[in-house]
Amino acid sequence: MAHTIQWEPDYGTALKKAQAEKKPILLDFFNPG
Amino acid sequence: MDAVTYPKNEVIEFLNSTIIPVRIPSDAKPLADDFNLRWTPMLVVLDWNGKEHQRTVGFLPPEEFIPSVLLGIAKIHFDLDQFGDAIKIFENILSHHAGSSAAPEAVFLKGVCGYKNTHNPTPLKEAYEKLQASYPGSEWTKRALPYRLLP
């Protein structure tokens with residue numbers, strides 16, 4: 001397993017992936033500084 | 001989160017295997033408005049249809065992060081009336097993260113799931129007794145207080 005979090009940067013893509021895999025989503029809103 | 005929580009191997013492996021992690025900058029429109037973002041970090045657990053089931057605001061250290069996300073996933077199952085699946089995740093939290101802030105809520109909701117699954121009030125009373133014994137100062141112990149009167 002990769003030793004980095006496989007962040008998905010696009011919400012729409014993540015939602016399609018979640019629906020296909022029946023997996024939950026963790027949405028992290030962060031301050032880009 | 002970037003400096004302390006996200007570099008931890010157990011957090012990396014947990015996220016990559018359990019959930020689809022998405023990072024969105026706080027100035028991203030219209031998503032930040034759609035989720036009524038007011039402060040960061042804000043973590044939202046959604047089901048596979050994009051419906052929100054839990055949100056947290058503020059920093060979570062590694063020992064709190066995993067049980068918090070597990071609690072959110074359990075709430076998906078709870079909200080979908082999938083009580084058996086929810087109970088398994090609550091039990092995971094209580095077995096592996098009993099000292100976390102998520103644990104008292106897991107005890108409470110496990111009791112509610114047990115009741116909804118069987119219509120037997122015993123799991124509610126057991127939840128109160130467990131909360132009183134293990135987490136006497138928790139707000140969830142106060143919320144469960146009426147269950148002490150159940151037969």
Side-chain angles (χ1 to χ4, degrees), chain A, chain B residues 1-2 5-28 30-57 59-60 65-66 68-70 72-77 79-80 89:
Chain A
M1 184 166 293
H3 282 286
T4 182
I5 298 170
Q6 303 298 300
W7 292 108
E8 170 55 58
D10 180 72
Y11 177 66
T13 303
L15 190 55
K16 282 181 190 164
K17 200 171 167 184
Q19 287 169 338
E21 299 178 20
K22 280 276 179 189
K23 267 182 142 180
I25 296 169
L26 178 70
L27 194 51
D28 175 7
F29 284 100
F30 70 99
N31 185 343
Chain B
M1 301 293 285
D2 286 319
T5 300
Y6 290 148
K8 293 285 184 190
N9 280 338
E10 61 266 34
V11 170
I12 294 168
E13 289 171 13
F14 169 75
L15 286 180
N16 287 344
S17 63
T18 309
I19 204 163
I20 296 175
V22 188
R23 285 207 100 182
I24 304 290
S26 56
D27 55 0
L31 208 55
D33 292 335
D34 291 346
F35 281 90
N36 197 28
L37 176 68
R38 288 292 176 269
W39 196 246
T40 60
M42 184 174 88
L43 300 171
V44 187
V45 177
L46 312 168
D47 66 25
W48 35 91
N49 291 316
K51 185 174 180 184
E52 178 178 337
H53 294 265
Q54 175 177 274
R55 68 169 59 193
T56 61
V57 177
F59 169 73
L60 289 173
F65 177 83
I66 291 174
S68 175
V69 175
L70 282 171
I73 296 170
K75 287 177 183 174
I76 292 175
H77 295 291
D79 292 343
L80 295 174
I89 301 173

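Numbered from 1 within each chain, the chains take letters A, B, ... in sequence-line order.
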Can you measure from OG (B:Ser17) to NZ (A:Lys23) and round to the nearest 0.5 angstrom? 6.5 Å
The test is side chain to side chain contact (heavy atoms under 4.5 Å, CB included); show your working for B:Leu15 and A:Leu26 and say whether it passes. CA-CA 9 Å; B:Leu15 286 180; A:Leu26 178 70; 3.8 Å; yes
Residue from B:Leu37, B:Asp2, B:Asp47, B:Thr56 scoring the most non-hydrogen pairs under 4.5 Å with chain A is B:Leu37
For a 4.5 angstrom cut-off between non-hydrogen side-chain atoms, does B:Pro21 reach A:Trp7? yes
Quick check on B:Asn9 against chain A: is it the side chain, the backbone, both or neither that has a heavy atom closer than 4.5 Å? side chain
Would you sort out whether A:Glu8 and B:Arg23 count as a side chain to side chain contact (heavy atoms under 4.5 Å, CB included), showing the intermediate values? CA-CA 6 Å; A:Glu8 170 55 58; B:Arg23 285 207 100 182; over 6 Å; no
Answer yes or no: is there a side-chain heavy-atom contact under 4.5 Å between B:Asp27 and A:Pro32? yes
Below 4.5 Å from any heavy atom of chain A, which atoms of B:Ile19 appear? Answer side chain, backbone, both or neither. both
Between A:Phe29 and B:Phe35, how do the two ring planes meet: parallel, tilted or perpendicular, split at 30° and 60°? tilted
Show me the pairs that pass side-chain hydrogen bond (donor to acceptor under 3.5 Å, both in side chains) and involve residues 34-43 of chain B, at least two apart or across chains. B:Asn36-B:Arg38
More than 12 heavy atoms of other residues, nucleotides or ligands under 6.0 Å from NZ of B:Lys8: yes or no? no
Roughly how far, to the nearest 0.5 Å, is the CH2 atom of B:Trp48 from the NZ atom of A:Lys22? 6.0 Å
Checking heavy atoms, do the side chain of B:Val69, its backbone, both or neither come under 4.5 Å from chain A? side chain
Evaluate side chain to side chain contact (heavy atoms under 4.5 Å, CB included) for A:Asp28 paired with B:Tyr6, printing each intermediate quantity in order. CA-CA 11 Å; A:Asp28 175 7; B:Tyr6 290 148; 2.8 Å; yes
Test side chain to side chain contact (heavy atoms under 4.5 Å, CB included) applied to B:Leu46 and A:Tyr11, step by step: CA-CA 11 Å; B:Leu46 312 168; A:Tyr11 177 66; 3.6 Å; yes
Interchain contact, B:Ile73 with chain A, by part (heavy-atom threshold 4.5 Å): side chain
Short side-chain to backbone donor-acceptor contact, B:Asn16 and A:Thr4, under 3.5 Å: yes
Using side-chain heavy atoms (C-beta onward) and a distance below 4.5 Å, is A:Pro24 in contact with B:Ile76? yes
To the nearest 0.5 Å, how far apart are CD1 in A:Ile25 and NZ in B:Lys51? 14.0 Å
Quick one: of B:Thr18, B:Ile24, B:Val11, who has the most non-hydrogen atom pairs under 4.5 Å with chain A? B:Ile24
